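What follows is a set of notes on a single structure, which appears directly below.
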Amino acid sequence: MNADIVDLRDFYASPLGIAAERAVAASLMQMWRSIPQERLLGLGYTLPYLDRFAGDCERALAFMPASQGAVNWPVGGASLTALVGEEELPLGDASIDRLLLVHALEFAESPLEMLGECCRVLAPGGRIVIVVPNRRGVWTRFEHTPFGSGRPWSRGQLMQLLRAAMFTPCAWSEALLFPPFQRRTLLGLAPALERFGRQLWPLFSGVIVIEATKEVYRGVPVASARRERRRIIKPVLVPQGAGATRREGGEPPKPSRGG
């Protein structure tokens, strides 16, 4: 089940949500290389991050899963938001240069099918950046943030999933290394704890940030392909009616002299 769009919007408007967005954006900026004239797609709830990164893009779109709901983006302009099925994106093949997934993979009914669809719309050599809750992190144990819902992931699980979907992981980062304080006074400690946490307890970050590239080529099982090809190009010719006669265990009928 996905997070509700109202809850996501309200969270990022809160003091804790603002601090969380700053921490996650700082990790994204470490691996975010500028791509001239790139086409950027955000899948899930990526609006706070698209506001930061979409300015340098040729085009940016915000796709939100149907079970989550959607809001207009950007504010004050023509809407670039679409409500979509997460396994049927309304885009052509190889039409996007970079994909950003936030609040998406942990709620997917079939994560492999979601990434397979992302692979389809991503151009060869394109990049996908995923932000997911960390299984070891403190944030997954609290329900007052969207990072405490859905399925958390470990690094090993993410690497296995990405490779199965024809992606090659190339960069890692962490974010949300401070506890999810609800008191505004304690949130003043968040920047310092985020810096210290990267050095002292990175394994217990609230989220994992991973970047991967789309593989251009994929191996094909040669032996199986050959067997399939032989089966197709060498048909077995059977005279009409012979198969039925043999299955019944009888002899083929002899032609009569008169007919």
Side-chain angles (χ1 to χ4, degrees), residues 2 5 8-9 12 21 24-66 68-108 110-132 158 161-173 175 207-218:
N2 213 325
I5 189 65
L8 289 166
R9 184 184 59 186
Y12 279 102
E21 185 272 333
V24 174
S27 291
L28 290 172
M29 291 176 67
Q30 294 178 4
M31 61 179 64
W32 201 272
R33 306 171 191 173
S34 179
I35 303 176
Q37 298 298 312
E38 78 169 332
R39 295 155 294 177
L40 171 64
L41 172 64
L43 180 60
Y45 189 80
T46 59
L47 304 189
Y49 310 100
L50 290 181
D51 284 334
R52 287 180 177 265
F53 298 108
D56 298 330
C57 299
E58 183 269 330
R59 184 175 305 171
L61 299 171
F63 284 3
M64 301 182 185
Q68 170 187 290
V71 293
N72 288 332
W73 178 85
V75 178
S79 180
L80 298 173
T81 302
L83 196 66
V84 301
E86 59 191 27
E87 298 170 8
E88 296 181 1
L89 301 181
L91 292 172
D93 296 352
S95 57
I96 296 297
D97 299 304
R98 179 150 36 190
L99 263 161
L100 174 63
L101 271 65
V102 187
H103 302 301
L105 194 64
E106 63 266 35
F107 298 111
S110 175
L112 183 58
E113 290 188 16
M114 171 184 277
L115 287 185
E117 185 67 356
C118 291
C119 185
R120 180 187 68 81
V121 302
L122 197 63
R127 296 176 179 270
I128 183 171
V129 182
I130 305 174
V131 179
V132 290
L158 279 174
L161 178 66
L162 284 165
R163 287 170 177 165
M166 297 174 55
F167 288 104
T168 301
C170 58
W172 294 88
S173 186
V207 297
I208 298 172
V209 183
I210 181 172
E211 182 183 34
T213 57
K214 177 179 175 179
E215 297 177 3
V216 181
Y217 304 104
R218 184 180 184 183

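Remember, it's a predicted structure, so these values are computed and weren't measured experimentally. Index from 1, following the sequence.
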Item to complete: Take L41 and L122, measure what side-chain contact (heavy atoms from CB on, under 4.5 Å) needs, and give me the verdict at the end.
Response: CA-CA 9 Å; L41 172 64; L122 197 63; over 6 Å; no
side-chain contact (heavy atoms from CB on, under 4.5 Å) filter on T213, not counting sequence neighbours, yields R127, T168, C170
dist E88:CD -> R120:CZ (nearest 0.5 Å) comes out at 9.0 Å
L8 and L47: CA distance, side-chain angles, deciding distance, side-chain contact (heavy atoms from CB on, under 4.5 Å) verdict
CA-CA 10 Å; L8 289 166; L47 304 189; over 6 Å; no
Would Y45 and Q68 count as a side-chain contact (heavy atoms from CB on, under 4.5 Å) if you check the C-alpha gap in whole Å, the side-chain angles of each, and the deciding distance to 0.1 Å?
CA-CA 9 Å; Y45 189 80; Q68 170 187 290; 4.1 Å; yes
One should read off an interatomic distance between C118 SG and L89 CG, to the nearest 0.5 angstrom, of 6.0 Å
**Prompt:** Do K214 side-chain atoms and C119 backbone N/O form a donor-acceptor pair below 3.5 Å?
**Reply:** yes
What one should report as the nearest heavy-atom pair of L161 and P111 is CD2-CB, 3.9 Å
Residues passing the side-chain contact (heavy atoms from CB on, under 4.5 Å) test with A171, sequence neighbours excluded, are M31, E211
S79 meets the side-chain hydrogen bond (donor to acceptor under 3.5 Å, both in side chains) criterion, sequence neighbours left out, with N72
Sorted by chain and residue number, the side-chain hydrogen bond (donor to acceptor under 3.5 Å, both in side chains) partners of W73 (sequence neighbours excluded) come out as D51
Rounding to 0.5 Å, atoms CD (E215) and CE (M166) come to a distance of 6.0 Å
Rounded to the nearest 0.5 angstrom, the CG-CD1 distance for L43 and I130 is 10.0 Å
Nearest heavy-atom contact between P65 and E86 is CB-OE1, 4.2 Å
Closest non-hydrogen atoms of G44 and M64, given as atom of the first, atom of the second and distance, are O-CG, 3.4 Å
For Y12, the side-chain hydrogen bond (donor to acceptor under 3.5 Å, both in side chains) test, sequence neighbours excluded, returns Y49, H103
F63 meets the ring pair (Phe, Tyr, Trp, His ring centres under 6.0 Å) criterion, sequence neighbours left out, with none
For residues 34-47, the salt bridge (Lys or Arg N to Asp or Glu O under 4.0 Å) pairs (sequence neighbours left out) are E38-R98, R39-D97
- Is there a donor-acceptor pair closer than 3.5 Å between any side-chain N or O of T81 and the backbone N or O of V71? yes
Hits for side-chain contact (heavy atoms from CB on, under 4.5 Å) against P169, two or more places apart or cross-chain, chain-then-number order -> M159, L162, R163, I210
Sequence neighbours excluded, the answer for side-chain contact (heavy atoms from CB on, under 4.5 Å) partners of S27 is S173, A175, R198, V209
Anything under 3.5 Å between a donor and an acceptor, one on a side chain of residues 53-61, the other on a protein residue two or more places apart or in another chain? List them.
none

Step by step, work out the side-chain contact (heavy atoms from CB on, under 4.5 Å) result for L105 and L115.
-> CA-CA 8 Å; L105 194 64; L115 287 185; 4.1 Å; yes
